[in-house]
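Every chain is numbered from 1 and lettered A, B, ... according to where its sequence line falls, protein lines coming before strand lines. Fair warning: this is a prediction, and the values are worked out from it, not measured in the lab.
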Amino acid sequence: MVAKLDKIFDSFVKNRLFKDKSILQISHTPNNITHRDEQIEEVAAILAPALTGEKASNLFLFGKTGTGKTLCVKYVCDEMLKRVKQDGQDNLKFVYINCKMGKAADTEYRILAEIIKGLGGSVPITGLPTGSVYDKFKELVDERKQMIVIILDEIDQAVKKNSDSFLYSLTRVNSDLKNSQISLIGISNSLVFKDYLDPRVRSSLGEEELVFPSYNALQLQDILKNRAENSFKEGALDEDVIPKCAAFAAREHGDARRALDLLRVAGEVAEREGSKKVIQGHIDKANDKLEKDNMLEAIKKQPIQFQLVLYSIMKLYSSKNKSSFFTGDVFREYENLCSETKNDVLTQRRVSDIIQEFDMLGLINTEVISKGRQGRTREIKLMISKKIFSNAEGILRDSLNI
DNA sequence: CGAGATTCATGTGAAGTATACCTTTAGGCTTAA
DNA sequence: AAGCCTAAAGGTATACTTCACATGAATCTCGTA
């Protein structure tokens, strides 16, 4: 037995294609960023005043997912921190918050709580008036002279879900501070995001703006090559692998994150298969796997009531032979499901909101339509592909005990 | 025949409720002097 | 008497409910050509 295992381990170690897989992880910040020199310089120029204790302008970054917004900002922040440390100071702080839905920070209160946590303080999960959380935040910031830069990633999500009032409050905080100053960096995936904003917020937050263009296939190739060099062993990649990865990702509006994920997972697939090289076929498999994993992960994380609603929609799909349903259909199915599974039944009002949230998550696609005499409703289309359907069903059954 | 009124099935906003959790405060108990 | 703990009081955020009004095109109505 031991010999057998040894053999497995041996072949694993021997067939290792990766040198350092972490380089391909999105969290990795490479020390040279390809095709983003211009943007980095601009960001650096805008933030530079913070080094001398002056308030840097608020900054707004636009660009589709995977165009390097977060990366560039983090890179500049790291460099600035290094610099500050060199000079033996520590009056500059960066706080990075991701406001993506479903994450911890998707309401005003929770965003603020996250910021405080990032500054080393702590706030209860609930119970405090938002106002006093602001006070605590100010106190924490103002206890000594310092510059604070708050980075709000995927800020459009937070504003869409709540309102822009918290941004207004944040931009106003400066006037209550004696010693310190805060600067805000908003990162948004949506290019039209600014139109949703209150004019006051727009003008104060958008002191500086920067648009990140999407990468084209060639740029993506450069990025991939750059990272593959250190993460894969020599000769581990078939020569057409990188072009194909780039092409795949370029098709999805030049998403570099996607390209890197693709390459990494392709490597993992190849390794698991015991292949000596990553070849094109592995990329196709990786593509499937990524799509699958992301969606299933999103489903798994949903609260029970949300899962019930989703399962109802899926059930309608497999029983009826239609491609879209209306809120009423879903709600009736949902009621049945709840009584079957002995779960509390939420009102249709609430279910309607839940459906809307699923739309935002991209698991379904909805459109409010009027059917004339048959009233007004949402047309709901499931966006879960056939390949994943049964896996998704399985996950839901599991967690709902069906 | 066509303009306007009707209608249906929900969308949507506002206000209210339940729950879980937080801080403050007052009273009671313990402890040390 | 001082210090500490506990329970009650008073307050908030969040998820959800209740109530009420808004929607918008198919369909109906009815006056008119």
Side-chain angles (χ1 to χ4, degrees), chain A residues 97-140 152 157-170 173 196 198 298-299 301-313 316 320 322-339 341-361 363-382 399-400:
Chain A
I97 309 288
N98 191 329
C99 314
K100 198 177 186 166
M101 300 196 16
K103 292 240 172 173
D106 59 355
T107 68
E108 172 170 18
Y109 184 95
R110 299 211 265 240
I111 288 171
L112 213 47
E114 280 294 308
I115 295 176
I116 291 175
K117 215 166 97 190
L119 289 171
S122 71
V123 210
I125 325 148
T126 172
L128 286 192
T130 311
S132 72
V133 181
Y134 268 106
D135 290 343
K136 175 144 192 187
F137 167 61
K138 285 177 199 160
E139 198 180 297
L140 200 61
L152 298 165
Q157 301 259 355
V159 170
K160 210 185 281 174
K161 186 146 188 271
N162 311 296
S163 79
D164 54 9
S165 60
F166 78 93
L167 283 176
Y168 183 65
S169 317
L170 273 179
V173 166
Y196 295 116
D198 183 293
I299 293 173
K301 277 193 306 208
Q302 296 303 315
I304 293 176
Q305 287 295 347
F306 282 60
Q307 293 190 343
L308 285 165
V309 173
L310 188 60
Y311 191 74
S312 307
I313 299 173
L316 283 173
K320 309 265 190 301
K322 283 195 287 183
S323 68
S324 70
F325 298 93
F326 304 118
T327 306
D329 304 334
V330 173
F331 184 68
R332 281 183 286 280
E333 186 65 38
Y334 161 81
E335 275 180 313
N336 291 339
L337 185 62
C338 283
S339 64
T341 57
K342 303 209 169 54
N343 275 295
D344 292 341
V345 183
L346 300 184
T347 50
Q348 183 157 347
R349 178 73 186 78
R350 178 65 184 145
V351 171
S352 175
D353 280 349
I354 291 176
I355 289 172
Q356 210 178 17
E357 292 202 34
F358 273 133
D359 185 33
M360 287 214 253
L361 276 175
L363 256 40
I364 61 178
N365 210 324
T366 73
E367 192 184 352
V368 179
I369 55 163
S370 178
K371 292 189 293 165
R373 209 96 204 267
Q374 273 74 60
R376 226 162 94 90
T377 182
R378 267 203 188 82
E379 193 179 39
I380 300 160
K381 286 183 187 147
L382 195 61
S399 104
L400 298 172

First locate atom [atom1] of [X], then atom [atom2] of [Y], and finally report the distance between them rounded to the nearest 0.5 Å.
X: Thr377(A); Y: Asp329(A); atom1: OG1; atom2: CG; value: 7.5 Å
X: Lys371(A); Y: Arg376(A); atom1: NZ; atom2: CZ; value: 12.5 Å
X: Leu337(A); Y: Gln307(A); atom1: CG; atom2: CD; value: 11.0 Å
X: Ile354(A); Y: Leu310(A); atom1: CD1; atom2: CG; value: 11.0 Å
X: Gln305(A); Y: Asn343(A); atom1: CD; atom2: CG; value: 6.0 Å

For the NZ atom on Lys381(A), are there more than 12 heavy atoms of other groups (residues, nucleotides or ligands in this structure) within a distance under 6.0 Å? no
Within 6.0 Å of NZ in Lys322(A), more than 12 heavy atoms from elsewhere: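 For Lys322(A), atom NZ is crowded (more than 12 foreign heavy atoms under 6.0 Å).
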Find the distance [X]:[atom1] to [N]:[atom2] and express it as a whole number of Å.
X: Asp344(A); N: dA18(B); atom1: CG; atom2: P; value: 15 Å
X: Ile369(A); N: dA26(C); atom1: CD1; atom2: P; value: 10 Å
X: Arg349(A); N: dT17(B); atom1: CZ; atom2: P; value: 17 Å
X: Gln348(A); N: dC8(B); atom1: CD; atom2: P; value: 16 Å
X: Ile354(A); N: dT10(B); atom1: CD1; atom2: P; value: 16 Å
X: Phe306(A); N: dT14(C); atom1: CZ; atom2: C1'; value: 12 Å
X: Asp353(A); N: dA14(B); atom1: CG; atom2: C1'; value: 13 Å
X: Ile355(A); N: dA9(B); atom1: CD1; atom2: P; value: 17 Å

Counting side-chain heavy atoms from CB outward, which of [options] is closest to [X]?
X: Arg110(A); options: dA15(C), dC19(C), dG11(B); value: dA15(C)
X: Tyr109(A); options: dG11(B), dA13(C), dT18(C); value: dA13(C)
X: Thr327(A); options: dT14(C), dT17(C), dG11(B); value: dG11(B)
X: Arg350(A); options: dG13(B), dA15(C), dT10(B); value: dA15(C)

In residues 373-382 of chain A, what residues come within less than 4.0 Å of DNA chain B, judged by heavy atoms? Arg373(A), Gln374(A), Gly375(A), Arg376(A), Thr377(A), Arg378(A)
Categorize Val351(A) for me: base, sugar-phosphate, or nothing, with a 4.0 angstrom heavy-atom threshold over every strand shown.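 Counting heavy atoms under 4.0 Å across all strands, no contact is made by Val351(A).
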[N], OP1 or OP2 - any side-chain N/O from [X] closer than 4.0 Å?
X: Ser370(A); N: dA26(C); value: no
X: Gln356(A); N: dT12(B); value: yes
X: Ser352(A); N: dG11(B); value: yes

